2 protein chains.
Amino acid sequence: MRYKEIAGDVQRRVEAGEFAAGRLLPSEAELARAYDASRVTIRKALEELRHDGLVDARQGFGWFVAADPVRQTLGRLGTIEAQLEATGAVAERRILDFGFVKAPRRVRLHLGDDQVLRVRRINLADNEPFARVTVWVPERFGRVLSRDAVSAQPFYELLPVALGGATQTIGAAAASAEDAELLAIPVGSPVLRCERVTHDTERQPVLVSEHVFPAHRSEFVVELPNVEVDDASIAPSGLRLVD
Amino acid sequence: MRYKEIAGDVQRRVEAGEFAAGRLLPSEAELARAYDASRVTIRKALEELRHDGLVDARQGFGWFVAADPVRQTLGRLGTIEAQLEATGAVAERRILDFGFVKAPRRVRLHLGDDQVLRVRRINLADNEPFARVTVWVPERFGRVLSRDAVSAQPFYELLPVALGGATQTIGAAAASAEDAELLAIPVGSPVLRCERVTHDTERQPVLVSEHVFPAHRSEFVVELPNVEVDDASIAPSGLRLVD
DNA sequence: AGTGATACAAGTATAATACAAGTGTGCGAA
DNA sequence: TTCGCACACTTGTATTATACTTGTATCACT
């Protein structure tokens with residue numbers, strides 16, 4: 001059963017990235033020489049991989065890797081919740097506190113309001129905390145929100161406006177004593193700190209939130225679609241030096 | 001697939017401004033001689049670029065750079081260097097080492113090559129280090145790069161392909177002993193760690209790089225234009241839980 | 001059934017060539 | 001000066017040839 005061996009080996013090589021995605025594999029003739037097998041056997045192996053969707057071929061063109069196996073895993077990811085559920089984990093939101101407060105300076109700068117609803121909570125996956133989140137909502141929206149509603153539904157479903165996008169700032173920091181306890185990590189260990197301003201379709205800010213993630217459990221994936229800005233030489237685009 | 005290579009190279013040259021907007025490109029015959037390809041192949045490459053709106057041609061006149069060569073919004077945030085220079089700071093790249101190495105596993109997964117050029121360097125602003133960068137380049141590109149070239153120009157100007165985008169992963173970590181010394185920060189203090197895979201217009205990975213920034217000096221700004229995925233309730237989009 | 005060897009059909013990319021048709025330039029004639 | 005035209009050079013298009021690829025079939029051997 002030589003063709004199964006060969007199929008396995010080629011599959012391994014494809015998945016190891018030896019043949020980059022979308023690019024050509026060696027021709028059947030070359031593979032036949034390399035594996036010291038006949039073209040019939042090589043074809044049988046390749047056709048098995050084609051059936052699995054790993055590679056494909058066009059007559060007169062050649063064999064190529066069908067889809068980037070690496071990219072597939074990073075692929076488009078839905079919400080964190082959906083991703084968690086896909087893996088069978090149980091997502092939970094635990095509200096720490098809920099009430100109106102005087103807006104911190106940077107929140108007031110965005111929302112304008114002086115009084116805002118502040119909701120602090122912990123997000124858990126499979127009973128393990130993976131984020132500490134604080135959300136500030138303008139008073140006019142906050143008045144109609146209840147603690148129960150907030151714990152049951154995402155904010156974006158509760159707000160009476162259509163959301164148009166967001167700007168988020170990602171930084172690193174050392175875990176504060178409080179965050180460390182809430183997230184069950186050592187004080188001072190690295191965390192990802194993300195501040196987000198969500199705005200409606202008119203680009204009016206409607207939500208300010210801060211998210212803190214333990215570094216060992218989370219990372220961001222950002223797609224930079226058109227590279228105009230891209231200069232691998234300097235720094236990832238979007239980076240900003242502060243102070 | 002010679003014509004795709006040529007298309008990529010011409011695109012790069014156009015975007016690098018080698019042929020000013022509205023000016024003529026070399027004639028098909030000249031290009032054929034320069035690339036040592038037939039006119040058919042050159043035309044196929046140019047027609048691909050025409051289809052993308054980058055260039056156009058008139059019979060009897062020649063090929064020219066299209067009116068607006070899709071010079072997309074470089075506006076938002078220029079390169080870090082430009083930003084630094086705008087504030088009067090002096091940007092500098094200091095090369096730590098430059099040479100061919102066996103590709104680490106995750107680099108090989110993306111680039112396919114086993115032997116890659118690795119360039120490590122420190123980026124400084126006003127003599128203060130703000131990033132430690134490692135870049136891995138496939139052997140076929142690395143062979144034509146010199147240490148001097150790399151220190152003088154950004155990679156994206158040196159690679160003979162047109163870049164099409166990138167995927168970057170942002171995480172937090174504690175500074176290793178070496179990074180701490182290079183960046184002049186305490187060992188174990190939080191750093192932003194960014195891994196980027198830059199690909200060409202065919203979505204073929206051409207560059208893998210790792211960027212480490214001291215947390216106190218840097219943060220990422222990400223625009224989330226359309227919110228579909230956005231759930232302020234859960235987590236910033238693009239977040240991924242690891243392990 | 002699996003494998004090898006061979007042959008041929010059909011598709012693809014490229015090269016070489018030819019010719020039609022449009023554009024710009026320079027020169028000579030009016 | 002200005003018009004007209006040949007000339008060189010350009011892209012647009014087509015044809016032919018070649019080398020290489022996959023697709024498919026056949027026959028033989030174990």
Side-chain angles (χ1 to χ4, degrees), chain A residues 1-14 18-67, chain B residues 1-14 18-69 112 140 160-162 200-204:
Chain A
M1 229 87 99
R2 187 100 173 83
Y3 79 95
K4 282 209 180 283
E5 292 175 39
I6 296 178
D9 192 59
V10 171
Q11 175 172 357
R12 182 189 55 75
R13 293 170 70 186
V14 167
E18 185 175 333
F19 315 116
R23 294 250 52 78
L24 265 57
L25 269 59
S27 71
E28 292 174 3
E30 277 177 78
L31 288 172
R33 230 178 306 127
Y35 283 102
D36 193 30
S38 78
R39 225 190 111 204
V40 179
T41 308
I42 296 295
R43 276 191 66 82
K44 222 164 169 181
L46 288 173
E47 269 158 3
E48 187 157 295
L49 295 184
R50 160 147 66 184
H51 183 265
D52 294 345
L54 187 73
V55 299
D56 199 0
R58 285 204 330 269
Q59 184 176 166
F61 183 80
W63 289 86
F64 48 92
V65 180
Chain B
M1 235 104 78
R2 189 99 175 79
Y3 78 94
K4 278 198 184 290
E5 294 174 36
I6 295 177
D9 192 61
V10 172
Q11 176 176 350
R12 182 188 56 79
R13 293 169 70 186
V14 167
E18 186 173 331
F19 316 113
R23 281 292 355 105
L24 263 58
L25 271 59
S27 72
E28 293 174 3
E30 277 178 79
L31 288 172
R33 229 177 308 126
Y35 284 104
D36 192 30
S38 80
R39 223 189 113 203
V40 179
T41 306
I42 296 295
R43 276 191 66 81
K44 219 166 168 182
L46 289 172
E47 269 158 4
E48 188 157 295
L49 295 184
R50 160 148 65 185
H51 183 265
D52 293 346
L54 188 74
V55 298
D56 199 1
R58 286 206 325 273
Q59 186 175 166
F61 183 77
W63 290 87
F64 47 91
V65 180
D68 180 15
R140 66 186 185 284
V161 293
D200 62 18
T201 49
E202 310 291 320
R203 297 199 70 80
Q204 287 305 306

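Naming: A, B, ... by sequence-line order, numbering from 1 per chain. Note that the structure is predicted; figures quoted are calculated from it, not measured.
Taking 4.0 Å as the cutoff to heavy atoms of chain A, we find the contact window on DNA chain C bounded by C:dG2 to C:dA13. A nucleotide of DNA chain D counts as in contact with chain A when one of its atoms lies under 4.0 Å from a heavy atom; the first and last such, 5' to 3', are D:dT21 to D:dT24.
Looking at residues two or more places apart in sequence or on another chain, you find a side-chain hydrogen bond (donor to acceptor under 3.5 Å, both in side chains) between B:R43 and B:E28, B:E47. The side-chain hydrogen bond (donor to acceptor under 3.5 Å, both in side chains) test applied to B:Y3 returns no partner, not counting sequence neighbours.
We find that B:R2 and B:E5 are joined by a salt bridge, their nearest charged nitrogen and carboxylate oxygen being less than 4.0 Å apart.
B:A32 and B:S38 make their closest contact through CB-C, 4.2 Å (heavy atoms, listed as atom of the first residue, atom of the second, distance). The shortest non-hydrogen separation linking B:A7 to B:A45 is N-CB, 3.7 Å. In this structure, A:L46 and A:V55 approach most closely via the heavy-atom pair O-CG2, 4.0 Å. Counting all heavy atoms, side chain and backbone alike, A:A37 lies closest to A:I42 at CB-CD1, 4.4 Å.
By the 4.5 Å heavy-atom criterion applied to side chains, A:D9 and A:Y35 are counted as neighbours.
Checked against A:L49 for a side-chain contact (heavy atoms from CB on, under 4.5 Å), the options A:V10, A:L25, A:V14 give a single hit: A:V10.
Comparing A:G60 and B:E47 against DNA chain D, the residue whose closest nucleotide sits nearer the 5' end is B:E47. Along DNA chain C, the nucleotide closest to B:Y3 and the one closest to A:M1 are compared, and the more 5′ of them pairs with A:M1.
Across all strands shown, A:R43 has heavy atoms under 4.0 Å from base atoms, whether or not it also approaches the sugar-phosphate.
Residues from residues 33-41 of chain B with heavy atoms under 4.0 angstrom of DNA chain D, sorted by number: B:R39.
The salt bridge (charged side-chain N to carboxylate O under 4.0 Å, His left out) analysis of residues 50-64 of chain A, with sequence neighbours excluded, yields the pairs A:R50-A:D56.
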